[in-house]
Amino acid sequence: MECRAVWSPARTFTAACDQPATMTVYLDGTRVHTSASGVQQYPTPSRIFDRTTTSVNPDPFVNIIRIVVENTNGTTEKIIYSIITQAPVTSAPVITSASPAEHTITNIAGSPGRRTFGVTVDQPATIIFSVGGREKCRFSAVTDATWECDFSGYSDGIHSVVVTASNSNGSDSFTWSWEILEKPVITFVTPSADNVSNYDAEGKRVFHASVNIPCLLELYLNDRLLKKSSSEDTAIFHEFKLVPLGTHTVKVMAKKSGVEVERSWNWNVTEYSDPDIIYCDSQHYSGLRSLRAGNIPITIERYLNFYSNSEIRYQKAQLPDGSWIYLFALSNVGLVIDNDLQLPPIVIDAELFQDDIYLGGFTEIELSINETFGNDNFVLFSSIDRFCVGINPLKGGNLENYYKERADLEFLVGLAGFLPYFGTFVDLANLLSPKDYLSEIESINYSFQYEATMESNGISPTGGRSPYVENQFRWVVWVQPECCVRFRVTMKLVETYVESLETSQDIQITAGEIPVVL
């Protein structure tokens, strides 16, 4: 004996048997209908599965319908599956949300990882995921579904990923345009070689790199972040003027969709581009800074980077008596920035203070210049004239001079155009020996504090120091003919939390020759 059952969109089915029999219908194990004996075909009325007369399984809405046909020759069963809701299904499913929600998405070819696609439907439906028209995954009688795939095997290009939700009344679909990008490749534009030495003819060195696809780009000097793109770009460059002598690493990093690639130049610097420069130095340290009110911590923290860049320049000229006079200038710039290479939000409206205060910055600078060898043949001057003094801190753009004013300096003021880098350090052949006019100074020691220079709403904040400082110090050394002398220069830039960036160098001068940093 054979039984057949056909399910219709109207939630009814027709059961047929090849010989007369009694037909009994069970829904999830419960008998819901029995036909008269001796029938061969029985169309079930829809009321059997009406919510008022039939108890159905609400979750996951999949029910088992078992049909049993029986006569004197034996018994045969047929099982069919149906989606039974509390109300008749009369509409096509609608996709209410998709993940990712964007229609256009990207990944990097060959990168490890998986991509997940998901969808939610307003009613149980058959959900099918396909890529390029080929079915990848199917779900039956569900209201949400996800499909995860390993995208490392997909080729470069744009792939169409379609999810379709359907039932007997129609369907709805959502399409992703899935672009598989080639892996970022960094190309060195200038210099094109991986290894480079010193500076170009203009005393500079430009490092320029490009990348094959738009990426977030970063450029580092010796693992210190110097520059990064604010958005995805295809090129990055940085111009260096002076770096300390030695071997440096200039690294470019490209980041895209969780993939990071990098490439580095090796830069060997054996000489300075400017013959007047005898020393330069770059220093950096980082720290997490927390704002506190007495013993009560305030939940304000910033990861700050503190930089100090210094260089020492010189000029020299011979006096009529054969002695030599050297003018030195120490320039220093201190800067506090955050990880985004921006001046950090140091000025903060602290609730407990009801005021603007600093989270970090520079508080003080200290300078000492002391002779260490050749005292009998060496004179150290702290100033030449009232405009070119031994110590010139530049604060907030205002020039403040610190010097000992001496009447006998006026003679030199009228003869020597001694302002460095504004005039020329020449015409000293006519300058008389200064030994009759200037007394020896064995050392110069000075320090000064920084005041707040950053303003909020036009008001200077309290409780902190400047995130940016600029200094220039000048001094003069007079060396007797055919003599060798030495002196030590120490400069310390002090940060709010009593950490410091210190430069200390011994300088040797042989009369008439270029000063040497020991």
Task: Ile213 to Glu182 - nearest heavy-atom pair and separation - done: CD1-O, 3.3 Å
Open item on the list: For the CD1 atom of Ile337 and the NE2 atom of His284, what is their distance to the nearest 0.5 Å?
Closed with: 7.5 Å
Task: Atom of Pro124, atom of Thr143 and distance for their closest heavy-atom approach - done: N-CG2, 3.5 Å
Open item on the list: Quick one: does any side-chain atom of Arg115 pair with a main-chain N or O of Thr106 as donor and acceptor, under 3.5 Å?
Closed with: yes
Task: Distance (rounded to the nearest 0.5 Å) between Asn198 CG and Arg205 CZ - done: 8.0 Å
Open item on the list: Closer than 3.5 angstrom, by distance alone: can the side chain of Asp156 be matched with the main-chain N or O of Lys183 as a donor-acceptor pair?
Closed with: no
Task: Approximate separation, where rounding is to 0.5 Å, of Arg263 CZ and Asp194 CG - done: 4.5 Å
- [ ] Would you confirm whether Asp172, through its side chain, and Ala92, through its main-chain N or O, come within 3.5 Å as a donor-acceptor pair?
- [x] no
- [ ] Please report the shortest heavy-atom distance between Ile127 and Ala165, naming the atom on each side.
- [x] CG1-CB, 4.2 Å
Task: Backbone N/O of Pro515 and side chain of Tyr326: donor-acceptor pair under 3.5 Å - done: no
Task: Counterpart residues, ring pair (Phe, Tyr, Trp, His ring centres under 6.0 Å), relative to Tyr199 (two or more places apart) - done: Trp267
Task: Closest contact, heavy atoms only, Val517 versus Tyr279 - done: CG2-CB, 3.8 Å
Open item on the list: When you measure from the side chain of Thr96 to the backbone of Thr120, do you find a donor-acceptor pair of N or O atoms at a distance under 3.5 Å?
Closed with: yes
Task: Exercise: do Asp223 and Thr249 side chains pair donor with acceptor under 3.5 Å - done: no
Task: Ala209 to Phe188 - nearest heavy-atom pair and separation - done: CB-CD2, 4.2 Å
- [ ] With side chain to side chain contact (heavy atoms under 4.5 Å, CB included) as the test, would you mind laying out the steps for Ile365 and Val469 before giving the verdict?
- [x] CA-CA 10 Å; Ile365 193 165; Val469 292; over 6 Å; no
TODO: Report yes or no: does Arg224 contribute a side-chain atom to a donor-acceptor pair with the main-chain N or O of Tyr285 at less than 3.5 Å?
DONE: no
- [ ] Consider only side-chain N and O atoms of Asn305 and Ser286, and report whether a donor and an acceptor are under 3.5 Å apart.
- [x] yes
- [ ] State, yes or no, whether a side-chain contact exists between Leu242 and Ser273 at a heavy-atom distance under 4.5 Å.
- [x] yes
TODO: Indicate the ring-plane relationship of Phe207 and Phe240, choosing parallel, tilted or perpendicular according to the 30° and 60° boundaries.
DONE: perpendicular
Task: Spatial distance of atom SG (Cys215) from atom CD (Glu260) [nearest 0.5 Å] - done: 10.5 Å
Task: Within-4.5 Å side-chain heavy-atom neighbours: Ser160 and Thr175 - done: yes
Task: Of Asn309, Thr503, Leu245, the residue whose pairing with Asp281 passes side chain to side chain contact (heavy atoms under 4.5 Å, CB included) - done: Thr503
Task: Within-4.5 Å side-chain heavy-atom neighbours: Glu218 and Leu225 - done: yes
Open item on the list: Could you tell me if the side chain of Ser97 sits less than 4.5 Å from the side chain of Val119, heavy atoms only?
Closed with: no
Task: Heavy-atom donor-acceptor pair, Gln508 side chain to Cys484 backbone, under 3.5 Å - done: no
Task: Between Ser166 and Ser171, a side-chain donor and acceptor under 3.5 Å - done: no
- [ ] State whether the side chain of Ser229 and the backbone N or O of Ser231 hold a donor-acceptor pair below 3.5 Å, judged by distance alone.
- [x] yes
Open item on the list: Counting C-beta onward and ignoring hydrogens, is there a side-chain heavy-atom pair between Trp265 and Val252 closer than 4.5 Å?
Closed with: yes
Open item on the list: Side chains of Ser308 and Asn332 only: does a donor on one sit below 3.5 Å from an acceptor on the other?
Closed with: yes
Open item on the list: Leu219 vs Val250, test: side chain to side chain contact (heavy atoms under 4.5 Å, CB included). Steps then yes/no.
Closed with: CA-CA 7 Å; Leu219 186 141; Val250 180; 4.2 Å; yes
Open item on the list: One pair to check against side chain to side chain contact (heavy atoms under 4.5 Å, CB included): Ser500 and Glu366. What are the steps and the verdict?
Closed with: CA-CA 10 Å; Ser500 61; Glu366 300 174 3; over 6 Å; no
Open item on the list: Using only atom types and a distance under 3.5 Å, with no angle test, would you say the side chain of Trp176 pairs donor to acceptor with the backbone of Ile105?
Closed with: no
Open item on the list: Nearest 0.5 Å, please: how far is NZ in Lys251 from CG in Asn222?
Closed with: 10.5 Å
Open item on the list: Can you give me the closest heavy-atom contact between Asp506 and Arg488, atom names plus distance?
Closed with: OD1-NE, 2.7 Å
Task: Pairs satisfying side chain to side chain donor-acceptor pair (under 3.5 Å), at least one member in residues 130-139, at least two apart - done: Glu135-Arg138
Task: Distance (rounded to the nearest 0.5 Å) between Asn471 CG and Leu330 CG - done: 8.5 Å
Task: Atom CD of Glu239 with >12 non-hydrogen neighbours under 6.0 angstrom - done: yes
- [ ] For residues Trp147 and Val131, determine if any side-chain heavy atom of one lies less than 4.5 Å from a side-chain heavy atom of the other.
- [x] yes
TODO: Taking the six-membered ring for Trp and the single ring otherwise, decide whether the centroids of Phe487 and Phe328 are under 6.0 Å apart.
DONE: yes
- [ ] For the residue pair Phe237 and His208, categorise the inter-ring angle as parallel (less than 30°), tilted (30 to 60°) or perpendicular (more than 60°).
- [x] perpendicular
Open item on the list: Given His103, which partner from the list Trp178, Phe117, Phe174 fulfils the ring-ring contact (aromatic ring centres under 6.0 Å, His included) test?
Closed with: Phe174
Task: Backbone N/O of Ile514 and side chain of Lys316: donor-acceptor pair under 3.5 Å - done: no
- [ ] Determine, stepwise, if the pair Ser210 / Thr234 fulfils side chain to side chain contact (heavy atoms under 4.5 Å, CB included).
- [x] CA-CA 6 Å; Ser210 64; Thr234 57; 5.9 Å; no
- [ ] Evaluate the side-chain proximity of Glu502 to Thr490: yes if any heavy-atom separation is below 4.5 Å, no if none is.
- [x] yes
